[in-house]
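As the structure is a computational prediction, the values presented were derived from the model and not from experiment. Proteins come first, then strands; the chains are lettered A, B, ... in the order of their sequence lines, and each starts at number 1.
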Protein chains: 2
Amino acid sequence: MAAKHVKEMEALKEHLGKHQLKLTRQRELILSAFLRQEHITAEAMYHQLAKSDPHLGLATIYRTLNLFCDAGLAQARHFGSQTQYDNIAHKGHHDHLICTGCDKIVEFENCDIERLQEEVATQNGFIIKTHRLELYGLCSRCRH
Amino acid sequence: MAAKHVKEMEALKEHLGKHQLKLTRQRELILSAFLRQEHITAEAMYHQLAKSDPHLGLATIYRTLNLFCDAGLAQARHFGSQTQYDNIAHKGHHDHLICTGCDKIVEFENCDIERLQEEVATQNGFIIKTHRLELYGLCSRCRH
DNA sequence: ATCATTTTGAGACAGCTTATCAATTTCAAT
DNA sequence: ATTGAAATTGATAAGCTGTCTCAAAATGAT
């Protein structure tokens, strides 16, 4: 367990304590790997951790990532046919401009949009954990 | 085919023509049903259309809804374990607030966000055709 | 160290979507 | 209107993602 993830480790322990759950070697391992990512799928983590622990089961990874969601450390987001588990602590979110002509993807960040999103959420009694913004259109080259 | 959906019907025909695809009774039927919805799952449409055509296959509905996505009439959105097909013409410009606690969906519209999106796109040489904005978080009840 | 409780790993299982393929339908060219 | 190549359909098998089952192992309070 890297020292820099102590805060998240404590948060997990607190959740475990409150719900009569136990701290296991696997949960520590998966948390450590998870906190290094911005977002990851269970399958990707399964392959990534196969080196560290070849016997770590896929079901355990799913269970543990869902546990992280319950503990407020992760956020599940359905993307394509898979579930992405977002690292809530991770900063530096960016959105996407996607050209439907050539599939080019441009990443961008806009504080004003983020602020307005918060405003909308507050008006509706929501607290935002993550978001997804994708703008689909034609880039300058594909516009002809 | 209802007369009010002529525009979408033309758009579909144009797409079919460009890709050597054919206009079938099923495609007309499914388009007609789809345009009456704001968003729908393949399964829901399957049951809904069972009255009109008991032999219409589920696979055909999936294929056709995906065709509508290619034609720019629909947009697939993965939510929970299912895929929602959004009616782009009907939906116009509204986005979603999604509660990850109870799966509640609140639709909203915000002109300022739309304007900023256009701004970002212009700065990057893009012309937006559609977009998707989803805010994930907890609603007032699930926040505890 | 003991022992009730929780967790794990492996595979079975379930839900949603796509692939397969023979039979049918479409549509451009007669 | 008929023909025939190509696309589409319907039924179902197969694939993929994620959850459930359960015996064996690990945890942690005593």
Legend entry - Between CG on residue B:Asp95 and CG on residue A:Leu133, distance to nearest 0.5 Å: 8.0 Å
Inset, instruction - Look up atom OG1 in B:Thr60 and atom CD in B:Gln26, then write down how far apart they are to the nearest 0.5 Å. - result: 6.5 Å
Inset, instruction - Give the rounded distance in Å between these two atoms: NE2 of A:His19 and C1' of C:dT7. - result: 17 Å
Can you list, pair by pair, the side-chain donor-acceptor contacts under 3.5 Å of residues 47-57 of chain A, counting residues two or more places apart and other chains?
from: A:His47; atom 1: ND1; to: A:Glu43; atom 2: O; distance (Å): 3.2
from: A:Asp53; atom 1: OD1; to: A:His55; atom 2: N; distance (Å): 3.0
from: A:Asp53; atom 1: OD1; to: A:Leu56; atom 2: N; distance (Å): 3.4
from: A:Asp53; atom 1: OD2; to: A:Arg25; atom 2: NH1; distance (Å): 2.9
from: A:Asp53; atom 1: OD2; to: A:Arg25; atom 2: NH2; distance (Å): 3.4

Inset, instruction - Kindly compute the distance separating CD (B:Glu118) from CD1 (B:Ile128), expressed to the nearest 0.5 Å. - result: 4.5 Å
Inset, instruction - List in chain and number order the residues that pass side-chain contact (heavy atoms from CB on, under 4.5 Å) with B:Glu119, two or more places apart in sequence or in another chain; answer none if no residue qualifies. - result: B:Arg115, B:Leu116, B:Gln123
Inset, instruction - Using whole Å, report how far CG of B:Leu29 lies from P of C:dT26. - result: 13 Å
Inset, instruction - Under the salt bridge (Lys or Arg N to Asp or Glu O under 4.0 Å) rule, collect the residues that match up with A:Asp70, sequence neighbours excluded. - result: none
Inset, instruction - Just grab all the ring pair (Phe, Tyr, Trp, His ring centres under 6.0 Å) pairs involving residues 96-129 of chain A, residues at least two apart or on different chains. - result: A:His94-A:His96
Legend entry - Test item: B:Asn110 side-chain N/O and B:Asp112 main-chain N/O as donor-acceptor pair under 3.5 Å: yes
Legend entry - Distance, nearest 0.5 Å, that separates CG of A:Leu35 from CD of A:Glu8: 5.0 Å
Protein-nucleotides 14-16 of chain C N/O pairs under 3.5 Å:
from: C:dC16; atom 1: O3'; to: B:Ser81; atom 2: O; distance (Å): 3.3

Inset, instruction - Map B:Tyr46 and B:Leu23 onto DNA chain D by nearest heavy atom, then report which one ends up closer to the 5' terminus. - result: B:Leu23
Legend entry - Residue closer to the 5' end of DNA chain C, B:Gln84 versus A:Leu56 (nearest nucleotide): A:Leu56
Inset, instruction - Provide, to the nearest angstrom, the distance between the CZ atom belonging to B:Arg77 and the P atom belonging to C:dT17. - result: 13 Å
Legend entry - Sugar-phosphate only, base, or nothing, as touched by A:Leu21 at under 4.0 Å among non-hydrogen atoms: sugar-phosphate
Inset, instruction - Quick one: which residue pairs count as a ring pair (Phe, Tyr, Trp, His ring centres under 6.0 Å) with a foot in residues 56-85 of chain A, not counting sequence neighbours? - result: A:Phe34-A:Phe68
Inset, instruction - Tell me which of A:Thr41 and B:Pro54 sits closer to the 5' end of DNA chain D, going by the nucleotide each one is nearest to. - result: B:Pro54
Could you list the donor-acceptor pairs under 3.5 angstrom formed by side chains in residues 135-142 of chain B, with sequence neighbours left out?
from: B:Tyr136; atom 1: OH; to: B:Glu134; atom 2: OE1; distance (Å): 2.6

Legend entry - From NE2 (B:His131) to CD (B:Gln117), nearest 0.5 Å: 4.5 Å
Inset, instruction - Could you tell me which residues satisfy side-chain contact (heavy atoms from CB on, under 4.5 Å) with B:Arg27, sequence neighbours excluded, listed by chain and number? - result: B:Leu16, B:Leu21, B:Thr24, B:Thr64, B:Leu67
Give me, pair by pair, the N or O atoms of the protein and of nucleotides 20-25 of chain C that are less than 3.5 Å apart, along with how far apart they are.
from: C:dT20; atom 1: O4; to: B:Arg63; atom 2: NH1; distance (Å): 3.4

Inset, instruction - Note every stem involving DNA chain D: at least three consecutive Watson-Crick or G-U wobble pairs, i with j then i+1 with j-1, with both distances under 3.5 Å. - result: C:1-30 with D:1-30
Inset, instruction - Would you grab the first and last nucleotide of DNA chain D (5' to 3') that comes under 4.0 Å of any non-hydrogen atom in chain A? - result: D:dT17 to D:dG28
Legend entry - Same cluster (ILVMFWY, side-chain, under 4.5 Å), B:Ile113 and B:Ile127: no
Inset, instruction - Give a yes or no answer on whether the side chain of B:Asn87 reaches the backbone of B:Ala89 with a donor-acceptor pair at less than 3.5 Å. - result: yes
Inset, instruction - Strictly below 4.0 Å, heavy-atom distances to any atom of DNA chain D: list the hits from residues 64-75 of chain A, or just say none. - result: A:Asn66
Legend entry - Criterion side-chain contact (heavy atoms from CB on, under 4.5 Å) on B:Thr130 and B:Gln75, from CA distance to verdict: CA-CA 9 Å; B:Thr130 65; B:Gln75 180 158 17; 4.1 Å; yes
